[in-house]
Amino acid sequence: MFPLEKQPATTPRSDPKRPKRISVLGATGSIGESTLDLVGRDPDAFEVIALTGNRNVARLAELAVRHNAKLAVSADAKCYKDLLLALAGTGIEVAAGPQALLDAAARPADWIMAAIVGVAGLRPTLRAVRQGTSVALANKECLVSGGGVFMSEVARHGTTLLPVDSEHSAALQAMTGTELDRVESVCLTASGGPFRTWTAAQMAEAGPEQALKHPNWSMGAKVTIDSASLMNKGLELIEAHHLFALPPEKLDVLVHPQSIVHCLVQMTDGAVLAQLSCPDMRTPIAYSLAWPKRMHVPNERIDLAKLGSLTFEAPDPERFPALRLAKDVLCSGGSAGAVLNAANEVAVAAFLEKRLGFLGIAGLVETTLVDCADLTGLNPTSAEDVLEIDEEARRRAEARLPRWA
Ligand code: NDP
């Protein structure tokens with residue numbers, strides 16, 4: 001259930017005096033680390049149940065020990081022995097492999113951070129949703145690929161779904177206390193990424209070193225590349241559509257290079273409500289962790305006098321076609337989101353491996369959407385359906401890759 005519809009009195013944790021039991025899926029990533037940074041500042045308030053990672057076994061073990069986790073899980077079965085060795089004598093339970101990851105997500109907890117990158121997070125996040133407690137959602141690919149399936153599971157289990165993406169957290173904060181039908185439109189801001197002022201010719205030559213230099217945010221590699229292509233903002237439009245049940249015509253994007261204003265919500269009475277904070281993911285994560293209250297976060301405060309001005313501009317659809325592709329997908333619905341996401345994951349991985357040029361990312365996504373016209377009209381009714389479409393779209397994108405390289 002989306003928190004705007006949920007009264008604080010109905011939050012699932014019945015005894016506010018006992019520590020909040022939390023799990024972090026994707027603990028070793030950028031969002032996972034920021035979450036655990038907050039948790040570590042108030043250890044008596046939290047009991048860490050499960051931490052999961054993929055192949056970064058050393059960091060997963062370190063975090064599990066530091067936060068006294070009950071369980072540490074690697075998604076990769078091949079990492080089991082290394083993780084067992086790293087945690088020998090600590091008393092922390094160890095497991096590895098896809099089923100162990102699902103079991104970790106299902107381990108009873110009051111609040112679960114879903115911060116695995118990519119559609120790999122869909123099944124574990126759905127397991128977390130089925131607990132019917134609170135899920136903090138960073139993994140936007142879940143909603144892009146299988147938003148319909150995902151949101152119906154959220155509703156079925158009465159889960160409190162708390163957005164972590166800074167723009168969606170900002171929208172929730174701005175809309176709290178307002179009836180959804182009084183919201184005229186929601187505008188997500190985008191920093192514009194490292195190529196905001198580059199020409200198309202310069203972008204064509206850009207490699208991972210340039211694309212990974214985000215001007216404002218420190219994030220994992222995949223979302224950083226998505227920010228550079230503006231695909232990230234397209235994925236976020238689809239995410240907002242599912243989270244807030246808003247039609248495409250009520251969603252928009254504005255480039256705001258300072259990344260201080262995260263979202264602007266236009267109300268029917270002419271008022272615009274915005275949320276402002278310095279670009280630090282600990283602020284939206286803290287909002288989801290403490291919801292419906294607030295917690296103290298010792299991060300930088302905005303100094304508007306020092307900033308001088310906040311600027312806004314329309315995104316350029318010519319140089320950033322990924323945004324247009326995502327908007328088209330949002331309007332067409334069906335399985336188009338699963339195809340878009342799969343092709344983008346293939347394209348970003350290929351770009352990071354230097355098998356694809358920067359402009360080839362949107363090119364490959366567009367070609368794959370055309371190639372998958374027979375799939376995009378399908379209406380998946382389960383995660384398995386979504387993952388089948390994802391797999392087929394990946395196969396076709398891989399087959400087209402050499403053409404764009
Ligand atoms: P990172 O790449 O930093 O971390 C990803 C996490 O997922 C790591 O713990 C990684 O483990 C784990 N992982 C990777 N592959 C798999 C797999 N196949 N199965 C299970 N676990 C896996 O990503 P971010 O933290 O940057 O992003 C996570 C999600 O949050 C993304 O969906 C992103 O779009 C979203 N998001 C991120 C923001 C940010 O500021 N970073 C902002 C808003 C949203 P290991 O370390 O072992 O590889």
Side-chain angles (χ1 to χ4, degrees), residues 23-37 50-64 72-79 82-83 86 95-102 104-105 113-125 127-128 135-145 162-170 188-191 193 212 214 216-229 231-236 238-240 243 259 262-263 277-285 287-288 341 344-345 348-349 352 387 390 394:
S23 289
V24 183
L25 312 178
T28 49
S30 162
I31 292 286
E33 293 268 4
S34 294
T35 306
L36 290 170
D37 174 78
L51 297 182
T52 82
N54 194 31
R55 295 194 183 135
N56 193 349
V57 170
R59 188 61 186 153
L60 178 59
E62 256 173 51
L63 291 169
V73 173
S74 161
D76 187 341
K78 289 197 227 67
C79 294
D82 287 347
L83 189 58
Q99 185 56 47
L101 180 61
L102 298 181
M113 166 57 78
I116 292 173
V117 62
V119 81
L122 177 62
R123 292 179 74 223
T125 306
R127 280 300 167 98
V135 171
L137 188 70
N139 179 293
K140 64 194 87 184
E141 294 92 345
C142 282
L143 286 181
V144 173
S145 297
L162 298 154
V164 169
D165 235 327
S166 56
E167 300 76 2
H168 306 72
S169 171
L188 311 177
T189 61
S191 69
L212 285 170
H214 196 284
N216 303 340
W217 297 94
S218 161
M219 309 183 284
K222 197 258 177 186
V223 62
T224 305
I225 301 302
D226 286 344
S227 298
S229 68
M231 179 61 88
N232 184 49
K233 217 43 58 180
L235 302 181
E236 288 178 3
I238 301 172
E239 181 184 11
L243 278 175
S259 298
H262 303 293
C263 183
S277 54
C278 288
D280 180 336
M281 283 307 293
R282 287 177 301 173
T283 293
I285 294 169
Y287 186 71
S288 76
N341 183 69
N344 185 54
E345 287 193 24
V348 171
L352 286 169
L387 293 173
D390 169 86
R394 267 169 211 274

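This is a predicted model, so every value here is computed, not measured. Remember, it's 1-based here, ligands and their atoms both numbered in the order they're listed.
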Task: For Arg282, all residues meeting salt bridge (charged side-chain N to carboxylate O under 4.0 Å, His left out), sequence neighbours excluded - done: Asp37, Asp280

- [ ] Below 4.0 Å from any atom of ligand 1, which residues have a heavy atom? Give them in chain and number order, please.
- [x] Gly26, Ala27, Thr28, Gly29, Ser30, Ile31, Gly53, Asn54, Arg55, Asn56, Ala75, Leu101, Ala115, Ile116, Val117, Ala120, Ala138, Asn139, Lys140, Glu141, Asp165, Met219, Gly220, Val223, Met281

Open item on the list: With rounding to the nearest 0.5 angstrom, report the OG1 to CD distance, Thr28 to Glu33.
Closed with: 7.0 Å

TODO: With sequence neighbours left out, write down each residue that passes side-chain contact (heavy atoms from CB on, under 4.5 Å) with Ser229, or none if nothing qualifies.
DONE: Met231, Ala322, Phe358

Open item on the list: I'd like to check the side-chain contact (heavy atoms from CB on, under 4.5 Å) partners of Thr224; sequence neighbours left out, ordered by chain and number.
Closed with: Leu212, His214, Met219

Open item on the list: Counting only heavy atoms from other residues, nucleotides and ligands, does the tally under 6.0 Å from CZ of Arg394 exceed 12?
Closed with: yes

Open item on the list: So does Ser74 get a backbone contact from the side chain of Thr52, meaning a donor-acceptor N/O pair under 3.5 Å?
Closed with: no

